[in-house]
Each structure stands twice: as structure tokens, then as C-alpha cells.
Amino acid sequence: MCKPKEVSQSADINLGNGSSVIYKKKFIQPHLASENGDIFRQLMSETPFEQKDLVVFAKKVKQPRLVAYYATDIERGSFTYSGLRNIPSHFTPLVEQLKNSVQEYVKEEFDSVLLNYYRDGSDTVGWHADNEKLYGDEPTIASLSFGAARDFILRKNDNNNDKYKFTLGPGDLLVMKGKVQQQWQHTVPRRSPAQSIGPRINLTFRRIVHPESQPMSSKQPRQSPQQPRELPRQPPPQAASPTAQASAPPFLPSATEPVSSPTENLARTSVQLLLDPHEWRQKIEQQEQSMLGEQAALLRQAEAVQQAEQHDQQQQQHQH
DNA sequence: CTTTTTAAGACAG
DNA sequence: CCTGTCTTAAAAA
Ligand SMILES: [Mn+2]
């Protein structure tokens, strides 16, 4: 068994056979991306992380990490996993902005993101490849890290001793492209002492190529209704319809989350990202502001409803 | 029929 | 103590 090749500097790495990796340290400024930075803390508080149940070797266990999933198009992003339908949420302004920054750097567009939360050194992900059909044959997957540093190891399928190790610290960007998901696996191994390894959040941006859901009849360039076979390299549907954003009210009171505590909602977005020279940062702030605006509107709406109810009650009492 | 699925726990060095 | 590797099963596709 050989030790993995350690990659400690930013680099473009050719893994051969059409597989390559881009490693860019500190793509996001560490003071924002680290455990006590504004971005990490905002991700921590705004993200609807869930710990999923899993059956492994006839035992029901909890997945040793928490996950969330966003997509620009909810229908397009939905997929089935372990017999359960996974339905994404909408991007938040912060994550949307991070996506835009990564897109600019990588020169590719993404329309979905898996968010992983490793609480401490005992949270892990085992050897796997992101080879879901959904993302196509040669997906470009961009991983952006926040919080505690964790090791990330790549190993070649046909020679498990061929390994690369990256230590993904706060703000580091790692992009896998080409045939990496066909020819390599990756893992985030456990680390000790578990309790003293801080929390890490990882955003993995992707592009959906083969949605499970049938494209809505509207204006998808005609595609034969039944074609279970692969379509050899369709021209990539230029993604990211901004119309969805405009028309999708992100704060509609959902069935699962009644309007109960508007103050809490306000508190959650009260993080102020102040005085940053960089453009992406300013955009975050603008979006946070507009988010605040929308939430304030929602708050007013909720208050109006409350007052109406109180008014009704008073009228009823009056009648009695 | 075959392949895939995935983490926990034991163990060695 | 730390960490990489091996073994473990039943169900679904
Ligand atoms: Mn992965």
C-alpha cells in the first residue's frame, strides 16, 4: 500500500484518461469561510439539513452526516433515491451567489447543489463516485468547503493504491471534471479525536443533464416521449432560466412551516455582511437585503392576518 | 441469474 | 491513540 500523493498547493491536476481536477485554495476568503466566519454561520443557520435513515447490511442506521439539496428548477431537480423521491428546495441568495462565483471561475453553469454537513471528525462519507445518471457521463462537480478542514482522498478504480490526498480547508474549491466519476472514487474519512474536529459544510455544485421527470410539455425541444436509451451527446440545454426566480415566491408559508415565528425568521437573516470590496460579497449583501425586504413584507402580512383574527375575536366577544 | 447498495465495528501496524 | 482495510446481509433492480 502506497501513501497517497499529497496536494498542498493550488493546482490543475491531470489524472490521465480524460480525468482532471482543479484545486484552488482559499477561493473564498478564509475569514468568511471559516467556522466563525459570516458565510459559514449563515449556511449553518439557513440550511435545512437533514440526517437521513439508511438500511445497510440489514441494519437501520443514520447517515453519518447531514444533507440538503437545492435546484433552480424543483421539478427538474427531483430524483428517486433508495425508493424515495428527493425534492430539492430553492437556492438561497447566499448559495446562489456562491454558485455564481464558482461558475465564473470554472466557466461552466450549475443548476443544483448538494450541501453536506459533517458535524465532527466521526461524520464521514465512504468511498463512492457521483455517477448518478442524472448528472450525465462526465459531470463537472465543484466542491466548496467551509468550516473545519477535512481530508478528501481520490483513488483510482483500477488501482486502489493510486491515490491523491487534498486537505480541504475553509474557502477551498475542488473541481472534478471529465471522467473522474467513472475512473475514480472519493471519500472523506473519519478523523480523530472526533470531538475536537470542528464542523464542516461542503457545497457540491452540479448540472442536471438527464432529469428523471419528463420535461414539461411547454417548450422543451421535442423529445420522443419514450426513449429509455441514452441520447448520445445532446447539445447541453443552456440552463438557468431566470424566469423561475422572478415567479417563484420563496417565502410562501408552506404546509410544513406555518407562519408561527416571523421574528425568528427575521433573526435568521439579520446577519449583515458589511463592507466588502469584492463584487460577489456586495451581491450577497444586496440579496440579503432584498431577502430582508421580502421577509419584512411577509411579516407585515402575517401581522395583518393576526390583527384581522383579533378583530374577529373582539367582534365575536362583542356580540356575546 | 447478476449486480448494486452502503456504514459500523473489528483489527493490525 | 490514530488510521486504513476488511468483513458483515438482505433487498431491490
Ligand atoms: Mn461525492
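Proteins come first, then strands; the chains are lettered A, B, ... in the order of their sequence lines, and each starts at number 1. Just so it is clear, the values below take in all heavy atoms, side chains as well, and ignore hydrogens, waters and symmetry mates.
- The distance between atom NZ of A:K59 and atom P of B:dT6, rounded to the nearest whole Å, is 16 Å.
- What separates NZ of A:K3 from C1' of C:dT3 is a distance of 12 Å, to the nearest Å.
- The NE2-C1' distance, from A:H128 to B:dT4, rounds to 15 Å in whole Å.
- Stacking annotation: A:F57 is not stacked on the base of B:dA8 (requires ring centroids less than 5.5 angstrom apart and an interplanar angle below 30 degrees).
- Contact between the side-chain N/O atoms of A:K60 and the OP1/OP2 oxygens of B:dA8 is not found at any separation under 4.0 Å.
- Each of A:Q185, A:Q181, A:H186 was checked for a side chain to side chain donor-acceptor pair (under 3.5 Å) with A:H128, and the lone residue meeting it is A:H186.
- The residue A:R65 sits close only to the backbone: its heavy atoms come under 4.0 Å of sugar-phosphate atoms, none of a base.
- Taking atom CG of A:L54 as the reference point, atom P of C:dA12 lies 15 Å away to the nearest angstrom.
- On a pure distance criterion of 3.5 Å, a polar donor-acceptor pair joins the side chain of A:R190 and the base of C:dG4.
- Nearest nucleotide to the side chain of A:K163, out of B:dT6, C:dT5, B:dA8: C:dT5.
- The side-chain heavy atoms of A:D12 and A:N14, taken from C-beta on, include no pair separated by under 4.5 Å.
- Note: A:Y69 and A:F79 meet the aromatic proximity criterion, with ring centroids under 6.0 Å apart.
- In this structure, CD1 of A:I197 is placed 12 Å from C1' of C:dT3, rounded to the nearest angstrom.
- The same atom, C1', is picked in B:dG9 and in C:dA11; the two are 22 Å apart, to the nearest Å.
- Whole-Å rounding puts the A:D123 CG to B:dT6 C1' distance at 15 Å.
- Taking atom CD of residue A:E212 and atom C1' of nucleotide C:dA13, one finds them 14 Å apart after rounding to whole Å.
- A:R191 has its CZ atom 9 Å from the C1' atom of C:dC2, to the nearest Å.
- Minimum heavy-atom separation, A:I74 to A:S78: O-OG, 2.8 Å.
- When distances run from any side-chain atom of A:P193 to the nucleotides B:dA8, C:dT5, C:dC2, the shortest one goes to C:dC2.
- Stacking of A:K99 on the aromatic ring of A:F91 is recorded, both the 6.0 Å distance cut-off and the 45° axial limit being met.
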